[in-house]
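Here the structure is a predicted model, which is why all the values come from computation and not from measurement.
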Amino acid sequence: MMRRFALLLLSLSSIFFSTATARAQGTRLWSQSKFEELEKGKPEGVAITSDGHLVAGPESKLIYTTPSTYVWSVAADHEGNTYLATGTPATVLKVTPDGKSTRLFSTKDLTVQAVSVGPDGSIYAAVLPSGKVYKLDPQAADRTEDNATVVFDPATTEEKPKYVWDLAFGSDGRLYIAAGGPAGIYRVAPGAKPELFFKSDEQHIRTLTFDASGNLIAGSDGTGLVYRIDKTGKGYVLFDAPKREITSVVAAPNGAVYAASVGEKGRSNLPPLPVTGTATVTATITIVQPGSVQAFSGNTLVPDGSEIYEIAPNGAPHKLWANRDDIVYALRWTSEGLLAATGNRGRVYRIQDSGEYSDIAHLDASQATGFADSSRGLYIGTANTGKVYLMSHSAAPSGTYTSDVFDAGVFAQWGRAEIDTGAGANARNFDFSARAGNVDNPQRAWSDWKKVTPNVGSLGLDPARFVQWKADLHGGADIASVGINYLPVNVAPVVDEIVVVPGARVNPAGMALPQPQAATITFPAQQNPNIISFGQEPGREPLPAQKDKNAVTVRWLAHDENGDDLIFSVYYRGDGEQNWQLLKDKITDRYLSFDGGLLPDGPYRLKIIASDAPSHNPGEALTGEKLSDRFVIDTTPPVVTDLAAKFVNGKIHVTLTATDAATPIAHAEYSVDAGPWQYVEPVGKISDSLTEHFEFDAPLNPPSPGAAPPANASEHVITVRVYDRYDNAVAAKAVVR
């Protein structure tokens with residue numbers, strides 16, 4: 001074999017097919033009982049609790065879809081009209097309870113960032129990047145910067161902030177404006193000029209609310225501070241959050257403050273947002289907004305998600321809720337629990353003081369960005385796309401939950417539905433249905449929904465690969481878990497790949513050997529010269545093997561789409577033969593090392609047959625097979641014939657013939673009087689045949705200084721060593737006098 005390699009690592013390993021359950025055969029159960037599993041479905045008027053129950057939830061219905069991509073803020077008046085601050089295009093829209101819209105205001109600015117209803121019924125809107133705040137008449141349509149009243153212009157202030165993020169009205173009727181770059185809060189009394197009410201060393205004041213005592217609560221972007229600011233403008237840091245940005249704050253009647261935070265301190269987790277506005281503008285304007293989550297309107301998840309903290313009336317904060325997949329854009333306190341509007345999946349959560357929570361709305365948008373309360377319900381604004389929804393204050397009398405689509409992997413028979421419920425008197429007050437199909441999209445010619453009696457009999461569906469279930473919940477219903485039994489139709493196993501390596505034997509110590517890290521083939525000179533690696537793929541364990549010229553190792557990849565246990569048989573056949581001969585059967589490993597001496601030298605192929613017999617009744621097993629590439633076994637050294645040596649002109653003239661039965665002669669070398677080995681080429685230079693002739697002149701070695709003279713100075717021994725392609729070697733000698 002190749003003698004420069006002392007160790008051979010085979011890194012091909014088996015492919016394992018995974019299904020929804022760990023069982024390898026027989027009836028299986030698709031079960032959904034965890035929050036993460038149920039989140040994949042679609043609830044309508046159904047809440048998913050953190051402990052994995054489906055219960056009645058509020059009804060959410062779409063009121064209006066705006067022409068804009070983003071709704072950044074939403075407000076409502078006492079008549080139930082909704083006011084939307086939008087971006088792309090930047091407008092303020094009035095939406096009546098029946099879903100009719102009026103454009104109150106449009107701007108050349110890039111976005112309307114915040115909107116609020118004043119005590120006098122006027123609408124106040126803050127825009128970016130100019131940072132101005134306008135006062136609008138809710139009855140006057142199509143106002144612009146030219147005919148709307150400006151109540152705040154940062155250019156007229158000493159500090160000249162670049163951003164306005166939030167608006168809030170105090171009980172005294174004065175408007176409070178959260179600004180950034182630099183951070184501060186401005187106060188505007190009716191008919192008066194703006195004044196700097198509070199100054200911060202943070203980058204931005206991001207969000208505002210008032211507590212029950214009339215103190216202003218503010219959250220910052222920079223180091224994530226929550227301030228309590230009294231009526232004189234004196235601030236006190238209530239909480240220094242572990243994250244850098246406070247995206248929303250809300251105060252409860254008992255004095256508790258809730259703050260949502262996002263982002264690692266010291267750096268922004270969000271890329272800068274280049275925003276381009278071209279509508280009604282002769283020149284293109286490009287600005288880069290700060291790394292605020294509110295400014296970033298893409299669909300990239302923020303690393304580590306959001307955290308919500310509760311700051312108790314006595315000042316003690318604790319983490320109430322955290323989610324790595326959701327960004328909290330807005331909070332709203334209700335007597336039923338804290339509400340959180342999130343992205344980038346358009347979820348609304350209700351969070352209890354105990355930390356338990358429920359997913360109460362899946363909105364058809366990427367981000368839920370803001371709340372506005374009304375007598376009709378809670379309005380929710382969204383982004384990507386810009387919409388407004390109305391969510392009822394109380395649980396809907398009925399709701400529907402539709403599961404995600406389950407893939408059995410193969411054609412399957414559908415059995416009984418197993419459903420567990422909560423302990424309430426009306427916990428079983430629901431209807432259950434199921435449907436099946438053979439493509440992953442239920443809209444593409446699936447069966448109709450079929451009503452099923454839970455825990456009794458099968459689903460009654462035709463065999464198919466995919467299935468989906470639906471539950472219609474009525475008053476008091478509580479579903480704790482749903483399982484569907486199914487039996488996959490048996491599919492024959494598949495042998496995916498075979499590698500045969502003559503001259504290697506699996507080390508009995510196996511995995512104790514060091515593992516290669518490279519995933520590609522590298523030249524031996526570039527790494528450990530004693531190791532060669534055949535590309536390790538993710539999830540494939542390497543198989544160590546030792547060099548052994550008398551052994552052959554075969555390794556294969558195989559899978560079974562049913563996840564069945566497999567056994568293997570290995571057959572061999574030489575060139576020119578018709579029958580396959582069994583080498584070994586009932587193999588559970590996915591490799592075999594055997595003595596090459598069992599097979600005479602020559603070319604062969606191997607056949608691997610995989611059977612799923614261990615997982616099925618006798619006579620019902622299926623098999624799959626694959627042939628290896630052609631390989632050669634050569635464990636016999638070449639034969640040297642016609643070796644002759646004589647003196648010619650002071651040198652030893654040597655001729656010989658080398659023959660191998662299986663593989664071409666690789667090279668030869670000679671030594672004179674036990675001197676160093678010298679490479680020699682065959683006649684014709686190229687060594688590529690089973691028989692090669694060699695003819696060469698070997699010079700004599702000069703006598704070693706101080707060495708005793710030989711008994712016969714004219715006698716010399718020449719030794720010749722010949723190798724075949726698999727490093728089998730033979731030596732022969734001749735004596736010359």
Side-chain angles (χ1 to χ4, degrees), residues 1-8 500-505 524 529-530 532 545-554 572 574-576 593-604 630-648 651-701 710 712 714-737:
M1 301 299 295
M2 295 188 302
R3 44 185 184 159
R4 65 181 180 274
F5 299 119
L7 179 66
L8 181 65
V500 181
V501 183
R505 184 184 299 276
N530 294 322
I532 183 170
Q546 292 281 11
K547 174 190 172 184
D548 183 347
K549 71 175 184 177
N550 295 316
V552 178
T553 294
V554 55
Y572 72 92
D575 276 7
S593 291
F594 60 93
D595 291 332
L598 294 173
L599 307 180
D601 289 358
Y604 292 89
R630 184 176 180 272
F631 66 97
V632 175
I633 291 180
D634 186 0
T635 60
T636 304
V639 175
V640 174
T641 59
D642 300 329
L643 174 61
K646 62 181 180 179
F647 284 114
V648 176
K651 297 181 180 181
I652 302 174
H653 183 75
V654 182
T655 60
L656 64 99
T657 299
T659 303
D660 193 89
T663 58
I665 300 299
H667 69 280
E669 55 190 4
Y670 72 87
S671 170
V672 177
D673 296 334
W677 290 100
Q678 174 62 47
Y679 174 84
V680 62
E681 294 175 336
V683 175
K685 302 293 185 180
I686 298 177
S687 186
D688 58 0
S689 301
L690 297 179
T691 298
E692 294 288 352
H693 301 284
F694 293 85
E695 184 174 358
F696 59 91
D697 292 326
L700 299 177
N701 298 323
N712 186 348
S714 63
E715 180 182 277
H716 297 277
V717 177
I718 184 163
T719 303
V720 179
R721 194 159 57 190
V722 180
Y723 294 86
D724 66 17
R725 186 166 288 177
Y726 281 81
D727 273 359
N728 299 299
V730 63
K733 71 175 182 178
V735 179
V736 183
R737 295 184 179 91

For residues Ile652 and Val672, determine if any side-chain heavy atom of one lies less than 4.5 Å from a side-chain heavy atom of the other.
-> yes
Validation row: Tyr604, Val632 side chains within 4.5 angstrom (heavy atoms) = no
Does the side chain of Ser593 pick up a donor-acceptor pair with the side chain of Thr553 at under 3.5 Å?
-> yes
Under 4.5 Å between any side-chain heavy atoms of Ile633 and Pro502, yes or no?
-> no
Could you state the interatomic distance from NE2 (His653) to OG1 (Thr655), rounded to the nearest 0.5 Å?
-> 6.0 Å
Residue pairs passing the salt bridge (Lys or Arg N to Asp or Glu O under 4.0 Å) test with at least one member in residues 683-697, sequence neighbours excluded, are Glu681-Lys685
Take Thr641 and Val639, measure what side chain to side chain contact (heavy atoms under 4.5 Å, CB included) needs, and give me the verdict at the end.
-> CA-CA 6 Å; Thr641 59; Val639 175; 3.9 Å; yes
Given side chain to side chain contact (heavy atoms under 4.5 Å, CB included), test Val501 with Phe631 step by step and report yes or no.
-> CA-CA 8 Å; Val501 183; Phe631 66 97; over 6 Å; no
Find the distance between OH (Tyr670) and CZ (Arg721) and round it off to the nearest 0.5 Å.
-> 13.5 Å
May I ask you to test the Thr635-Asp601 pair for a side-chain heavy-atom distance under 4.5 Å?
-> yes
Check the surroundings of atom CG in Leu598: do more than 12 heavy atoms from other residues, nucleotides or ligands lie under 6.0 Å from it?
-> yes
According to the salt bridge (Lys or Arg N to Asp or Glu O under 4.0 Å) rule, which pairs have a member within residues 655-668, sequence neighbours left out?
-> none
Any Trp677 side-chain heavy atom under 4.5 Å of Thr719 side chain = yes
Do NZ/NE/NH1/NH2 and the carboxylate oxygens of Asp595 and Arg505 come within less than 4.0 Å?
-> yes
Non-hydrogen atoms of Pro664 and Leu690 that approach each other most closely | N-CD2, 3.7 Å
Close side-chain approach of Arg737 and Val735, heavy atoms under 4.5 Å = yes
Nearest heavy-atom approach of Gly675 to Asn701 is CA-ND2, 4.2 Å
Distance, nearest 0.5 Å, that separates CG of Asn728 from OG1 of Thr663 = 7.0 Å
Before giving the answer on side chain to side chain contact (heavy atoms under 4.5 Å, CB included), spell out for Ile665 and Phe694 the whole-Å C-alpha distance, their side-chain angles and the decisive distance to 0.1 Å.
-> CA-CA 11 Å; Ile665 300 299; Phe694 293 85; 4.2 Å; yes
Where do Val654 and Ala645 come nearest, in terms of heavy atoms and distance?
-> CG2-CB, 4.3 Å
Is the closest side-chain heavy-atom distance between Val720 and Glu669 below 4.5 Å?
-> no
Closest non-hydrogen atom pair, Phe696 against Leu656 | CE2-CD2, 4.4 Å
Verify the distance criterion only: is there a donor paired with an acceptor across the side chains of Ser687 and His667 at less than 3.5 Å?
-> no
If you take all heavy atoms of Ser714 and Asn712, which pair is closest and at what distance?
-> OG-OD1, 2.6 Å
Here the pair of heavy atoms bringing Pro699 nearest to Lys651 is CA-CG, 4.1 Å
Are any of the side-chain heavy atoms of Thr659 and Pro638 separated by less than 4.5 Å?
-> no
Report the C-alpha distance between Arg725 and Asp634 in whole Å, list the side-chain angles of each, state the deciding distance to 0.1 Å, and finish with yes or no for side chain to side chain contact (heavy atoms under 4.5 Å, CB included).
-> CA-CA 9 Å; Arg725 186 166 288 177; Asp634 186 0; 5.8 Å; no
